[in-house]
Protein chains: 2
Amino acid sequence: MNAKTNTNRRLSPEDREQQILEGAVKFFAEKGFSGQTRELALQLGITQPLLYRYFPTKRSLIERVFEEAYINKLDPEWSVALTDRSQSLHKRLCTFYCNYSEATYRNEWIRIYMFSALMEEPLNRHYIGLVEEQILTPICIELRDYCGLPKVDISPISQIELDHIWVMHGGLFYHAIRKHIYRSRVSNDFEEIVSRAVSTMLEGSKAAQS
Amino acid sequence: MNAKTNTNRRLSPEDREQQILEGAVKFFAEKGFSGQTRELALQLGITQPLLYRYFPTKRSLIERVFEEAYINKLDPEWSVALTDRSQSLHKRLCTFYCNYSEATYRNEWIRIYMFSALMEEPLNRHYIGLVEEQILTPICIELRDYCGLPKVDISPISQIELDHIWVMHGGLFYHAIRKHIYRSRVSNDFEEIVSRAVSTMLEGSKAAQS
DNA sequence: GTTTTTATTTATCATCTGATAAACTAATTC
DNA sequence: GAATTAGTTTATCAGATGATAAATAAAAAC
């Protein structure tokens, strides 16, 4: 963009650091973490050594990119809303997935997430733990109630129940993979897809009981 | 493994090429395509220049890895079996996904697939086209029949119908992503997961009509 | 307006990495 | 068994790449 426009030369350290960080998120999301510092600098319209004024190593910049991409993505409020039985489970799940997708099914996030997973960065594992604990297990509990099955304190949520919900969760996540990683043409009406996926899961799970 | 065992020195060109290719599949599946030729050679127990006796460039080796990973993975017979209405749709889908997963939900395949998709290799796009055409569209057609909806020649399969099936398909694929990319603990009883996902999709889709 | 400070650039290093050429050696040929 | 062929290794190159130090220039201080 502003590769040669000397518009914003000599920024304050805070602004420059922020600009580099934002540029690095976009850059590494596109190229992966083997992307080169010179190319990143070029894209930012600065020289490569300037990166090292703000980040001691390439690795340290990548770590900051992780932080930037991951913080404040899971709103604890959502878990609470998921278990609020004053609303229908269908409604709750649709609301949740619309919020959740808006926060995480973004180009940079999805791509950095997949790159980091392939590189076995610890953040992926940590995030998976959070998802299972704060989202999928609550959904399993609500689904038990919805289907008239025993409560959690009678028998804990099994791996197969979790994996069953993972299929819906993963199916919706996969929509974002198709869009941002495969770059396929996908339907833009994600709300409709969520609504259908949720209805299908709820009705299908109930039907499977009988 | 046999990094220093001079057991299989001086192989025939065919054997050596095959050995390098197999090693390269494993290596690039693990490290991604920015993995280095020296490390690959070390893992193979040969010297790095020997690679260039069999493959003129690193890129050409990677191309061969793609070919190796992708050929003969989709059996055309499966598409035929999917539309054989002498069996229940549930049975057909379960059989298909068990065959399909056995062929493609393998560690090397899944990881190379995702690396190549992130790198925007054309193979991914090509493969997606095949899946939509030979698998998902047939399933949509069968699902129409199952739900008592109009035939394809009345109204063509819409993007939203395709995306709906993509959720199930992606959900099952995501199981393999969790296993081989996230390396999470997942249920090994994949047949059970397939059976549940298929039942849920079928019953859910039917219920959504009423 | 001169001096001081500091953000940024230019020049450069050391190592890595894909690739090549020559040397070596284990088979094969005669 | 000597000569030839061919698979493999050693030595090495050229460009790429992360990182550093010195030079430059824009802003701040006085």
Side-chain angles (χ1 to χ4, degrees), chain A residues 1-66 115-116 119 121, chain B residues 1-66 115-116 119 121:
Chain A
M1 299 294 178
N2 53 1
K4 210 51 185 172
T5 68
N6 292 11
T7 34
N8 54 358
R9 282 181 35 151
R10 212 175 169 85
L11 297 184
S12 76
E14 299 74 37
D15 289 351
R16 183 63 79 194
E17 183 172 330
Q18 190 58 29
Q19 183 221 15
I20 291 176
L21 199 47
E22 284 172 17
V25 168
K26 280 187 187 173
F27 178 77
F28 289 123
E30 200 54 37
K31 309 275 177 174
F33 301 116
S34 53
Q36 298 145 18
T37 55
R38 275 173 182 77
E39 203 183 334
L40 166 59
L42 184 73
Q43 193 169 300
L44 283 165
I46 61 175
T47 56
Q48 180 247 5
L50 190 57
L51 296 172
Y52 290 87
R53 172 90 178 186
Y54 296 92
F55 301 92
T57 61
K58 180 184 177 183
R59 178 69 205 175
S60 72
L61 175 55
I62 290 174
E63 304 272 8
R64 285 292 306 279
V65 166
F66 285 140
F115 274 122
S116 76
M119 301 291 188
E121 297 290 343
Chain B
M1 296 294 176
N2 51 2
K4 212 49 184 170
T5 66
N6 290 11
T7 32
N8 55 358
R9 282 182 35 151
R10 214 176 168 81
L11 295 185
S12 76
E14 299 75 36
D15 288 353
R16 182 63 79 192
E17 184 174 328
Q18 190 58 30
Q19 183 220 17
I20 291 176
L21 199 48
E22 283 173 17
V25 167
K26 280 189 188 172
F27 178 77
F28 288 123
E30 199 55 37
K31 309 276 178 172
F33 301 116
S34 53
Q36 298 143 19
T37 54
R38 276 172 180 77
E39 202 183 335
L40 165 59
L42 184 72
Q43 193 169 299
L44 283 163
I46 61 175
T47 57
Q48 181 247 3
L50 189 57
L51 298 172
Y52 289 87
R53 173 90 178 185
Y54 295 92
F55 302 92
T57 62
K58 182 185 176 183
R59 179 69 205 176
S60 71
L61 175 56
I62 290 175
E63 302 273 9
R64 286 292 306 279
V65 165
F66 284 141
F115 273 122
S116 76
M119 300 292 187
E121 296 290 342

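The sequence lines fix the lettering, A, B, ..., with proteins before strands; numbering per chain opens at 1. Just so it is clear, the values below take in all heavy atoms, side chains as well, and ignore hydrogens, waters and symmetry mates.
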Asker: Please state how far atom CD1 in B:I62 lies from atom C1' in C:dG18, giving the value in whole angstrom units.
Answerer: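 Taking CD1 of B:I62 and C1' of C:dG18, I get 11 Å after rounding.
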Asker: I need the minimum non-hydrogen distance between B:F28 and B:G35, along with the two atoms involved.
Answerer: CE2-O, 3.9 Å
Asker: On the nucleotide C:dC16, are OP1 or OP2 found under 4.0 Å from the side-chain N or O atoms that B:R38 carries?
Answerer: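 So the side chain of B:R38 is outside the cut-off, no N or O lying under 4.0 Å from OP1 or OP2 of C:dC16.
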Asker: Is any side-chain N of the basic residue among B:K26 and B:E39 closer than 4.0 Å to the acidic one's carboxylate O?
Answerer: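 Looking at B:K26 and B:E39, the cut-off is not met.
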Asker: What verdict does the side-chain contact (heavy atoms from CB on, under 4.5 Å) test give for B:L51 and B:L44, after you've listed the backbone C-alpha separation in whole Å, the side-chain angles of each residue and the deciding distance to 0.1 Å?
Answerer: CA-CA 10 Å; B:L51 298 172; B:L44 283 163; 4.1 Å; yes
Asker: Could you walk me through whether A:L40 and A:L61 satisfy the side-chain contact (heavy atoms from CB on, under 4.5 Å) test, starting with their C-alpha distance in whole Å, then the side-chain angles of each, then the deciding distance to 0.1 Å, before giving a yes or no?
Answerer: CA-CA 11 Å; A:L40 166 59; A:L61 175 55; 3.7 Å; yes
Asker: Nearest whole Å is fine: how far is C:dT8 C1' from A:E17 CD?
Answerer: 16 Å
Asker: Ignoring hydrogens and geometry beyond distance, is a side-chain donor-acceptor pair present between A:Q18 and A:E14 at under 3.5 Å?
Answerer: no
Asker: Could you pull out the closest heavy-atom pair between B:Q43 and B:G23, with the gap in Å?
Answerer: NE2-O, 4.4 Å
Asker: What is the separation between atom CG on B:L42 and atom C1' on D:dT9, rounded to the nearest whole Å?
Answerer: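 Rounding to the nearest Å, CG of B:L42 and C1' of D:dT9 are 15 Å apart.
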Asker: State, to 0.1 Å, how close B:Y54 and B:E17 come at their nearest heavy-atom pair, and which atoms those are.
Answerer: CD2-CB, 4.2 Å
Asker: Measure centre to centre between the rings of B:F33 and B:F66, then say whether the value is under 6.0 Å.
Answerer: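 Aromatic pair counts; centres sit under 6.0 Å.
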Asker: Does anything in residues 47-61 of chain B reach DNA chain D, meaning a heavy atom under 4.0 Å, and if so which residues?
Answerer: B:T47, B:P49, B:L50, B:R53, B:Y54
Asker: To check you understand the geometry: which heavy-atom pair defines the closest contact between B:L21 and B:V65, and what is its length?
Answerer: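 Shortest heavy-atom contact: CD1-N, 4.1 Å.
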Asker: Would you compute the distance between atom CD of B:E121 and atom CD of B:E63 and round it to the nearest 0.5 angstrom?
Answerer: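 B:E121 atom CD to B:E63 atom CD measures 6.5 Å (nearest 0.5 Å).
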Asker: Could you measure the distance from the CZ atom of A:R64 to the CZ atom of A:R59? Nearest 0.5 Å is fine.
Answerer: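 With rounding to 0.5 Å, CZ (A:R64) is 14.0 Å from CZ (A:R59).
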Asker: Where along residues 20-28 of chain B does a heavy atom fall under 4.0 Å from DNA chain D?
Answerer: none
Asker: Strictly under 4.0 angstrom, non-hydrogen atoms only: write out the protein contact profile of nucleotides 23-30 of chain D, one letter per nucleotide from the 5' end, B, S or -.
Answerer: ---BS---
Asker: Return the value, rounded to whole Å, for the distance between atom CZ of A:R16 and atom C1' of C:dT6.
Answerer: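 The distance from CZ of A:R16 to C1' of C:dT6 comes to 13 Å, rounded to the nearest Å.
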